Amino acid sequence: MSAIRNIIHTLFPSTCICCGDILVGDESQICLSCLAHLPHTYFSQQPDNPAEMMLAGRIPFVSATAMLFYSHGNATQTIVHDMKFHGNSDLCVMMGTMLGIELLSSGRFDDVDLLLPVPLHWTRRISRGYNQSLLLCQGVQKNFHREISIGCLYRHRPTRKQSLQHQSQRASNVYGAFRVKNQTLLSGKHVLLIDDVMTTGATLTSCCDALRTVPDIKISIAVLSMVQ
Ligand SMILES: [Zn+2]
């Protein structure tokens, strides 16, 4: 979103966050025209989709998907920035709701037991006011009715923002950053790990390294967006 559009949307929240047009009727956050043109991947029904290919060999997952393509200057980038950096918590839930509808219709995620948000370190959560991945889960849950596991997977040390790291530094930035407590709550369960953006997959891989210590766990992945 351009700086001017951002200011307009902050002053007049009833404008579309993507194009700045005034919202009408039942429109909320994003106008119908921008919603219709979101860059959907249609990966959710595709085995061996590009999200799965990116994670193959690094994570022992059951299924993986990304709902939208993310690229510099596209609508997904505007949406994710609004979710993470402009305090738009309602947008996180709205996008999670769309993701939940997609997961439900896919059929490839039917035997998932629990939703697992990628955790923030508590210092980041306090400065942002919320964990966008948890709000995505709350949106997903509206249609894809599963419990959300909060606290079992946690980030035990703060990490630098992945978006500011060079690709080669991303894995080392998050290596060993996650841990699991109350393993019995996850043991034998099929968990669906949920995050907002997948760039190199380093954060998800690090989460899974921690989750793999849980006996008989199965892991699937759903991200709102994937960098093209
Ligand atoms: Zn619009």
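No hydrogens, no waters, no symmetry mates; every other heavy atom, side chains included, goes into these values. On a predicted model such as this, the values are computed, not experimentally measured, just so you know.
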Please answer whether the main-chain N or O of [Y] pairs with a side-chain N or O of [X] as donor and acceptor at a distance below 3.5 Å.
| X | Y | answer |
| --- | --- | --- |
| Asp111 | His190 | no |
| Thr76 | Ser71 | no |
| Gln141 | Cys137 | no |
| Thr97 | Val93 | yes |
| Ser105 | Ile101 | yes |
| Ser187 | Pro215 | yes |
| Gln77 | His72 | no |
| Thr78 | Cys18 | no |
| Ser206 | Thr203 | no |
| Arg155 | Pro119 | yes |

- Item | Given Leu136, Leu193, Leu134, Asp196, the one that forms side chain to side chain contact (heavy atoms under 4.5 Å, CB included) with Val118 |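 Of the listed options, the one satisfying the test is Leu193.
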
Side-chain heavy atoms of [X] within contact of [Y], under 4.5 Å:
| X | Y | value |
| --- | --- | --- |
| Cys31 | Cys19 | yes |
| Met53 | Asp48 | yes |
| Val80 | Leu68 | no |
| Val191 | Ser149 | no |
| Leu204 | Val223 | yes |
| Leu211 | Leu116 | yes |
| Asn49 | Thr41 | no |
| Leu55 | Met198 | yes |

I need the minimum non-hydrogen distance between [X] and [Y], along with the two atoms involved.
| X | Y | value |
| --- | --- | --- |
| Tyr130 | Cys92 | CE1-SG, 3.9 Å |
| Ser89 | Leu135 | CB-CD1, 3.5 Å |
| Phe144 | Phe109 | CZ-O, 3.3 Å |
| Cys16 | Ile30 | SG-CA, 3.9 Å |
| Arg146 | Asp110 | NH2-O, 2.8 Å |
| Met226 | Ala66 | CB-CB, 3.5 Å |

[atom1] of [X] to [atom2] of [Y]: how many Å apart, nearest 0.5 Å?
| X | Y | atom1 | atom2 | answer |
| --- | --- | --- | --- | --- |
| Thr213 | Gln183 | OG1 | CD | 4.0 Å |
| Ile126 | His121 | CD1 | NE2 | 9.5 Å |
| Cys34 | Ile17 | SG | CD1 | 9.0 Å |
| Asn131 | Leu120 | CG | CG | 4.0 Å |
| Gln29 | Met94 | CD | CE | 6.0 Å |
| Leu91 | Met83 | CG | CE | 6.0 Å |

- Task: Before giving the answer on side-chain contact (heavy atoms from CB on, under 4.5 Å), spell out for Met67 and Met95 the whole-Å C-alpha distance, their side-chain angles and the decisive distance to 0.1 Å.
- Result: CA-CA 10 Å; Met67 188 175 83; Met95 298 311 295; 4.2 Å; yes

- Message: Does the plane of the ring in His81 sit parallel, tilted or perpendicular to the ring in Tyr70? Use 30° and 60° as the thresholds.
- Response: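 It falls in the tilted class, 30° to 60°.
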
[X], [atom1]: over 12 other non-hydrogen atoms inside 6.0 angstrom:
| X | atom1 | answer |
| --- | --- | --- |
| Arg128 | CZ | yes |
| Ile22 | CD1 | no |
| His40 | NE2 | yes |

If two hydrophobic side chains count as joined below 4.5 Å and joins carry through other members, does [X] share a cluster with [Y]?
| X | Y | answer |
| --- | --- | --- |
| Val140 | Ile150 | yes |
| Phe178 | Phe61 | yes |
| Leu192 | Val62 | no |
| Leu185 | Ile219 | no |

- Message: side-chain contact (heavy atoms from CB on, under 4.5 Å), that's the test. Do Ile221 and Met54 meet it? Break it down for me.
- Response: CA-CA 12 Å; Ile221 313 277; Met54 176 181 275; over 6 Å; no

- Are Gln45 and Thr65 close enough, and set up right, to give a side-chain contact (heavy atoms from CB on, under 4.5 Å), and what steps lead you there? CA-CA 8 Å; Gln45 306 201 17; Thr65 188; over 6 Å; no

- Task: Establish, from distance only, whether the side-chain atoms of Asp195 and Ser133 form a donor-acceptor pair under 3.5 Å.
- Result: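 Asp195 vs Ser133: donor-acceptor pair found between side chains.
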
- Query: Between Asn74 and Gln228, is any side-chain donor less than 3.5 angstrom from a side-chain acceptor?
  - Reply: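 On atom types as modelled, these side chains do not qualify, holding no pair under 3.5 Å.
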
- Report the C-alpha distance between Ile79 and Leu38 in whole Å, list the side-chain angles of each, state the deciding distance to 0.1 Å, and finish with yes or no for side-chain contact (heavy atoms from CB on, under 4.5 Å). CA-CA 10 Å; Ile79 290 166; Leu38 286 180; 3.7 Å; yes

- Message: With a 4.0 Å cut-off on N to O distance, would you call Glu147 and Lys189 a salt bridge?
- Response: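 No, this pair does not count.
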
